[in-house]
Amino acid sequence: MAKTLLPIPDTVPALPREVDHNRHLPATAALHWLALGWRDLWDRPLPSLLYGVGIALLSLLTIGAMVTFGWVQILFPALAGFLVVGPLLATGLYEKSRRLEAGEHVSFWNMVFPGRGGGTHLLYVGTILLMLMLVWMRAAVLLYALFFGVRPFPGADDLVNMLLTTPTGISLMLTGTAIGGLFAAFAFGISAFSIPMMLDRRLDAFSAMGLSMSLVWNNMPAALLWAAIVLILTAIGVGTALVGLIIIFPLLGHATWHAYAAVRE
């Protein structure tokens, strides 16, 4: 009996032909992305700087709320979780770089409300990243209980001494860094290219995340250097009482768009 092939529904988006997931970029490509991000930051800089101010204020309010409600014990895991949800928060910066590339009008309103892209699919990727962050924060609390037992958190004043001067604290730091690295690696893999890709092409969340993982895997040297740059610059931004994020976050956001553009060509 002959088999009848069912047609593919029109609602299923096609994969972007321009994306070459077998491309192998050198590690130095990450430095080029950063240079292009710096160029975009200072091309009509006001919207980017306002975006950076907004991210810094949002981070400050979040930290203030955690301190006010006595959640200091998860402050450090939350700061690490910022790396997980950061790609979603940078959506407006991708949009500015896309508009500059296309020669379109750029405004802060366009960045906050892009009016294009995956819509609900962007929300879906954002939900996954947020869930990863929440799971990581819960895992950090369980790790603390595993190493120190079920006892009250010592407080922020003794936290540094506890973690850096006791064998148990050092073991907790090493274990937490390793486990947190797994969360961060997975989040980086699915979000490094997927969100800019959904802004640029009508792709569903699963296709975009799958392509992003493939692109990261096939460009591992560049991806590893880029991840290290993001980690170092974000640490500098946090270490400057969040003031540095006003410039660093837009810089990384614009550079991420160019990372996507490099594999799209």
Side-chain angles (χ1 to χ4, degrees), residues 37-38 40-42 44-99 106-138 140-141 156 180 183-184 187-188 190-192 194-196 198-199 227 229-257:
W38 183 258
D40 282 3
L41 170 60
W42 298 111
R44 288 167 254 187
L46 185 58
S48 295
L49 295 177
L50 286 176
Y51 205 97
V53 169
I55 293 296
L57 289 177
L58 178 63
S59 303
L60 187 62
L61 288 174
T62 302
I63 294 173
M66 294 176 69
V67 173
T68 301
F69 290 103
W71 298 342
V72 182
Q73 66 271 23
I74 58 173
L75 179 58
F76 284 93
L79 290 174
F82 179 77
L83 292 169
V84 175
V85 298
L88 179 68
L89 297 176
T91 301
L93 299 164
Y94 309 150
E95 175 63 8
K96 177 188 170 182
S97 289
R98 187 199 68 78
R99 285 176 171 271
V106 173
S107 70
F108 184 70
W109 180 263
N110 296 142
M111 293 169 65
V112 177
F113 301 101
R116 61 175 287 123
T120 56
H121 293 287
L122 276 174
L123 181 61
Y124 186 82
V125 175
T127 301
I128 292 177
L129 293 176
L130 182 59
M131 288 178 63
L132 279 172
M133 179 180 176
L134 294 176
V135 171
W136 157 238
M137 291 172 64
R138 183 60 179 171
V141 174
F183 279 93
F188 179 78
I190 65 174
S191 65
S194 61
I195 299 177
M198 283 188 287
L199 277 177
I229 290 172
V230 171
L231 179 61
I232 292 170
L233 290 183
T234 302
I236 293 173
V238 173
T240 55
L242 304 180
V243 175
L245 285 180
I246 296 174
I247 291 180
I248 289 174
F249 193 84
L251 169 62
L252 292 176
H254 292 312
T256 298
W257 169 264

Which atoms form the tightest heavy-atom contact between [X] and [Y], and what is the distance?
X    : Y    : answer
E95  : N110 : CG-O, 3.7 Å
T91  : L199 : O-CD1, 3.6 Å
F82  : M133 : N-CE, 4.4 Å
L129 : V84  : O-CG1, 3.4 Å

Got a list of side-chain donor-acceptor pairs under 3.5 Å for residues 45-65, not counting sequence neighbours?
| residue | atom | partner | partner atom | Å |
| --- | --- | --- | --- | --- |
| S48 | OG | K96 | NZ | 2.8 |
| S48 | OG | H254 | NE2 | 2.8 |
| Y51 | OH | L89 | O | 2.6 |
| Y51 | OH | G92 | N | 3.1 |
| S59 | OG | I55 | O | 2.8 |
| T62 | OG1 | L58 | O | 2.8 |

- Task: Indicate the ring-plane relationship of W109 and F113, choosing parallel, tilted or perpendicular according to the 30° and 60° boundaries.
- Result: tilted
Got a list of side-chain donor-acceptor pairs under 3.5 Å for residues 242-250, not counting sequence neighbours?
none

- Message: Within the 4.5 Å heavy-atom criterion, are V125 and I128 side-chain neighbours or not?
- Response: no
- With a 4.5 Å limit on heavy-atom distance, are the side chains of T256 and P87 in contact? no
- Message: Donor-acceptor pair, distance only, cut-off 3.5 Å: does the side chain of T234 make one with the backbone of L231?
- Response: no
- Query: Between the main-chain N or O of Y94 and the side-chain N or O of S97, is there a donor-acceptor pair closer than 3.5 Å?
  - Reply: no
- Task: Find the distance between CG (L123) and OG1 (T127) and round it off to the nearest 0.5 Å.
- Result: 4.5 Å
- Message: Heavy-atom count check: over 12 atoms from other residues, nucleotides or ligands less than 6.0 Å from R44 CZ?
- Response: yes
